[in-house]
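Below is one structure, written out as C-alpha cells; comments come after it.
The chains referred to below are lettered A, B, ... by the order of the sequence lines, with proteins before strands, and numbering in each begins at 1.
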Amino acid sequence: MDVSQYLEIFIDETSEHIQSLSDNIMTLENEPEDKDTINEIFRAAHSLKGMAGTMGFKRMQHLTHDMENVFQEVRSDKIKVNSNMIDLLFQCLDAIEGYLNNIKETQNEGENDNEAIIKKLNSFIDGSEAAEAEQAQPPKEEAPAAAAKSDSSDGTVAHFLDGGDFDTIDKKVSDARDAGKNIFGFTVYVASDCLLKAARAFLVFKAVEDLGEIIYYNPSSQDIEDEKFEEYFNIFVATDNDVDTLKKAILGVSEIETVACGEITDDMLDGTRQEETSDGGAEEDTSSGEEETKPAEIKAESEESSSQAPAKTQATGGKAVSKPVASRTVRVDIEKLDALMNQVSELIIAKNSLASISTNENVMSDKQGFHDQIEYLERITTNLHESVMKVRMVPIESVVNKYPRMIRDLSRKLNKKMELHMSGEETELDRTVVDQIGDPLQHLLRNSADHGLESAEIRAQRGKPEVGTITLDAFQEGNNVIIQVSDDGNGIDTENVKKKAIERGIVTPEQAENLSEKEIIDFLFMPSFSMAKTITDISGRGVGLDVVKSGIQQLGGDVDVKTKLGEGTTFTVRLPLTLAIIQALMVEVGTEKYAIALGSISGIEDIPLSDIKYVEAKEVIHLRGQVIPIIRLDNLLGIEKSGEEPESLVVVVVAKGDKLVGLVVDNLIGQQEIVIKSLGKFITNEDKIISGATILGDGEVALILDVNTLM
Amino acid sequence: MANELDMVGTETKQFIVVKLGDEQYGIDIRYIDNIVRLPNITRVPNSQFYFRGIINLRGEIVPVMSIRRKMGFEDDVFTGQTRVIILKIADHGLIGVLVDSVKEVVTLSVDDIEKPSHDLGTKNTFINGIGKHKDDLISIFEINSVISEE
C-alpha cells in the first residue's frame, strides 16, 4: 500500500500525540496515581503504535508497543509509577521524536533501534526482574562493547558448536571465506514465556538476512519453523558486517532474551567434529566455544570503527536524496471557515448589486445607491480580511507547551530547582510567526534557567524561596503580541557586562563611564558576547541572545530587557499580529509617499521651528517633559527639499519600547490598510530603512518605513 | 522570410533586439516574461545606484534597473519609446531592465553568433556574443552578468 499521501497527516498527528504524552507524563510525575492520566497516556501510546504500524515504521511501532505494554501493567495496578519510569518514558518520547524527525527529513524512520530503552521498558513489565535488570542495565549503556562479553558470564551459553552436522556446510564456509566474509555463530535465546517462538525465530532470520547469509541452522530451519526447539536455536551467518551489528539486529527482535556469539574458524569446525566423534560431551564443547568467543569479540571491536564509519556516511548520503517533508498545513476551526464562507457569499451579493446598478440606465440619478453599495463592499472586504487572518492564526500553545518538559530537564541537568509558570498560551499569532518563534523563546528560557536563576545555596542566602520561578506570559496589546519571559534570579550585573565589553575592546573605559544601563544591556545582544564564565551545553557559547534578537527581528518583532540586580530579569518580546496586512499612516516627503506602521506611532505633533533645540548638534524637541530626537526624513531618504522651510514642522512621533523618535514629514495623507509586499532579492537598501512596499489604490507603489531601524 | 526558413535544421535562437543609444543589443527570448511601457517608477532610497526603483506590474512589485547606469553609459532619457523588459530569472523572480526602444524579434543561427573579441573593450563583460543579422551587428547580452551584483 502506498502510504506516502498520508505522511503529512501522520507527522501532524504524531507530533500531537507526542505532545499529549509529554503533558500527561509531566502530570503523572506529580500525581502518580491519577487513573485518567494513565488512561490518556495508554491511549496516546496505542494510537501512536497503530499509526506507526500502518505507515510501516517498524522500529517506532516496536518502541510504542512496549510503552503501551508498560501502561497496560500500570493500568491494571500491577506495577507502580516511579521516578525511574518517568525518566525512561521521557527517553522514549525523545526516541519517538527522533524517529519522527527522521521521517520528516527523509520519509524514513532511520536505523536507531533504541533497544536499550526497549529493554528497560520490558524490565518494568517483568516486575520481579526489574531490580536485577536495572542493575545490569547501566554498564550496558556506558559500554555497549563490554555488554557482549558479559553475555557468556550471565548464564547464557554459546551452543552453536553443539552436536551438529558440519560436513554439509564445509563448502559453504570455505566459499564464504573465499569471498572475504566473516562467519559468526549465534545462539539465540527466546524468552521462556514467548508464545510464538517460531515467529520470533523467523523475525530473527529476517533481521539477520538483511545483513548476511545464514549458512547453517541447528535445529534445521524446518524444525525451527515447526517450533521444534526449546529456549534457543543456533545459526551460522556469513556476512560483511561485524558481530555487534548482527547481535544488535537479533536483539532488536522482541522477546529475544540474549544472544551468544563468536567467530567460526575452520579449526573449530574440525575440532568439534573430532571431539564429537570421540566424546560428544556438550559441556566441553561450550567451554571451547566460549574461549573462542573472546578473541572474536576483540576482533569485532577493532573492526567496528572501520566498518561502521562508511556505513554511516552511506546512510547520510542516502538521506540527502529524499526530500524533506515539511508540514505546511494549518488546522482550522470549522466555525472560522463558516464565517469565511458567509462573507464570501455577501461579497457575491455586493458584486451583483453593483452590477445591477451599473446596468441601470439612470446611473447618475442612482448615485446614492451606488455609494451605499461601495460602503457595503468596504465593510465586507474588511471583515473578509479579518476572517482570513483568523484562519491563519494559531495559538502559541503549540510552541510553548514543549517548555515545561524542557525546564524539567534543565532543572535536573543544572541541579537547580525551578518552576515554569505560563499564562496566555491561547494567544493567537500568525502561523508563520508561531513556527519561527519557538527557537528564540527557547533560548530565552534556557538563558533564564542557566544564567538568571541562582543556585539553591545563594538563593537561600538571599532569602529567596528555594525553588526559582520562571514565567512566560503572552498577551495581545493592540496590533502586537507581547511575550514576556522573566525570572526571579540574579538579574544582569551591568558592571560585569561593562567590564567584559571593555575587555573585549568594544568600548574604551572612558566611553563605558557614560553608557546608560540600557546601552550596556544591549551589549548582550551582540554576536558572540557571552557572559557565562564557563561554557555549558545549555548556554554560554555566545550564540544566544544575538540569535534571539535577529530571529525576532526577522519576524518584524523586537526584544527588550528590564533587569534589577538581585531581583530578576524580564525579556519582553514584541511581535506583530500578522505579517501580511497592516494599518499604516501614509505620509508625503517631497513628492514621494511612504507608509509608517500605525502600531509604532505614538503621536503626531505640529512643532514650530522655534521649538527645535539642539543637543550635541542634533535636533531635538521637548515634548511633555520628554526630550525627543528628531530625524528629517528628506535627509535620511535623500529627497531634495522643495522650496522654503515652512514655519512649523509636521512630526510623526514613533516609539520602540520606551524610546521615542520624531520623524519630520511634509504632509500627512491619512490612515490606510496596506498589503505588505517584499522588494525581492535583487534590490537592496543598505540600512534596511525600507522594510517593503505596498501598492496604493491608484496603482502607485509606496515604500514602507521600518522605524525600528531608526532607533 | 525565406531567410528564416533556410535556417530550419541548424540550431537557432530567438532574440529581442533593443536599442541603447545607437547600439543594438539582443536579449535571449527565453528570459523574457514581458515587455511593458514605462510605468511610474518608485525610487528606493539607498539602493544600488543602477536600480531606478520599483514598479507595480499587475500587483507584483518588480525592481527596475538601468543597463545604461550599470554599463557606465549616459543616464536614461525617458521618451515614448522607452520600454521595460521584464526578465524572469529562475529562483530570483522578476526584474525589469530599461531600454531606449524595442526594435524587433530576430532568429539567429548559432553560426551567425561570434564570440566577442577581447580587444573590443575592457568593460564589456555583459556581452557574450556578436550576432550578425542582415547588415546589422547585434551584441548579445549575457543575462546573468547583467543582473548580478557587481
Side-chain angles (χ1 to χ4, degrees), chain A residues 381 579-581 584 586-596 631-642 663-666 669 673-707 709-710, chain B residues 27 31-34 36-71 75-76 78 84-98 126 141-150:
Chain A
T381 45
L579 300 175
I581 303 174
M586 300 302 300
V587 300
E588 217 169 13
V589 186
T591 54
E592 298 179 3
K593 286 174 186 164
Y594 289 90
I596 303 171
I631 296 175
R632 295 199 178 239
L633 280 185
D634 48 3
N635 284 346
L636 185 76
L637 302 171
I639 298 164
E640 278 170 38
K641 273 196 190 107
S642 54
L663 305 177
V664 180
V665 301
D666 289 343
I669 300 170
E673 209 164 58
I674 59 166
V675 179
I676 302 176
K677 304 242 174 192
S678 140
L679 291 186
K681 291 183 188 167
F682 289 109
I683 203 161
T684 58
N685 68 312
E686 261 163 47
D687 22 21
K688 302 218 165 67
I689 310 171
I690 309 297
S691 62
T694 188
I695 294 169
L696 303 176
D698 57 2
E700 288 272 302
V701 180
L703 298 172
I704 303 166
L705 286 179
D706 181 1
V707 295
T709 59
L710 301 177
Chain B
I27 302 174
Y31 292 105
I32 297 181
D33 179 79
N34 216 326
V36 295
R37 283 171 189 278
L38 185 69
N40 268 328
I41 299 181
T42 304
R43 190 184 65 97
V44 177
N46 307 328
S47 58
Q48 300 99 314
F49 73 96
Y50 49 83
F51 271 107
R52 304 284 319 205
I54 51 178
I55 58 166
N56 165 15
L57 182 77
R58 288 183 290 278
E60 260 190 85
I61 301 285
V62 178
V64 174
M65 78 184 258
S66 158
I67 299 193
R68 280 174 163 272
R69 284 189 186 177
K70 186 140 186 182
M71 291 174 68
D75 213 348
D76 306 80
F78 296 142
V84 182
I85 314 277
I86 310 288
L87 306 174
K88 190 169 198 167
I89 313 296
D91 297 336
H92 280 74
L94 301 176
I95 181 171
V97 292
L98 281 166
F126 303 128
F141 274 129
E142 218 284 86
I143 292 301
N144 285 319
S145 60
V146 171
I147 59 157
S148 66
E149 291 275 325
E150 281 176 350

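In terms of heavy-atom pairs under 4.5 Å with chain B, the best-connected choice from A:G638, A:A702, A:G692 is A:G638. Comparing B:I95, B:I147, B:I54, B:I41 by how many heavy-atom pairs each has under 4.5 Å with chain A, the most go to B:I95. With chain A as the partner, the residue from B:P45, B:G93, B:G59 showing the most heavy-atom pairs under 4.5 Å is B:P45.
In this structure, the portion of A:I689 lying under 4.5 Å from any heavy atom of chain B is its side chain and not its backbone. Only the side chain of A:I695 comes within less than 4.5 Å of a heavy atom in chain B; its backbone stays farther off. Looking at A:I690, the atoms closer than 4.5 Å to chain B (heavy atoms on both sides) all sit in the side chain, from C-beta outward.
At a threshold of 4.0 Å, the pair A:E592-B:R43 counts as salt-bridged, since one of the basic side-chain nitrogens sits closer than that to a carboxylate oxygen. B:D75 and B:R69 are joined by a salt bridge, as a carboxylate oxygen and a charged side-chain nitrogen come within less than 4.0 angstrom of each other.
Among all heavy-atom pairs drawn from B:F51 and B:P63, the shortest one is CE2-CB, 3.7 Å.
A:T684 and B:Q48 share a donor-acceptor pair across their side chains, judged by distance under 3.5 Å alone.
At distances below 3.5 Å, not a single donor-acceptor pair connects side-chain atoms of A:T694 with backbone N or O atoms of A:I674.
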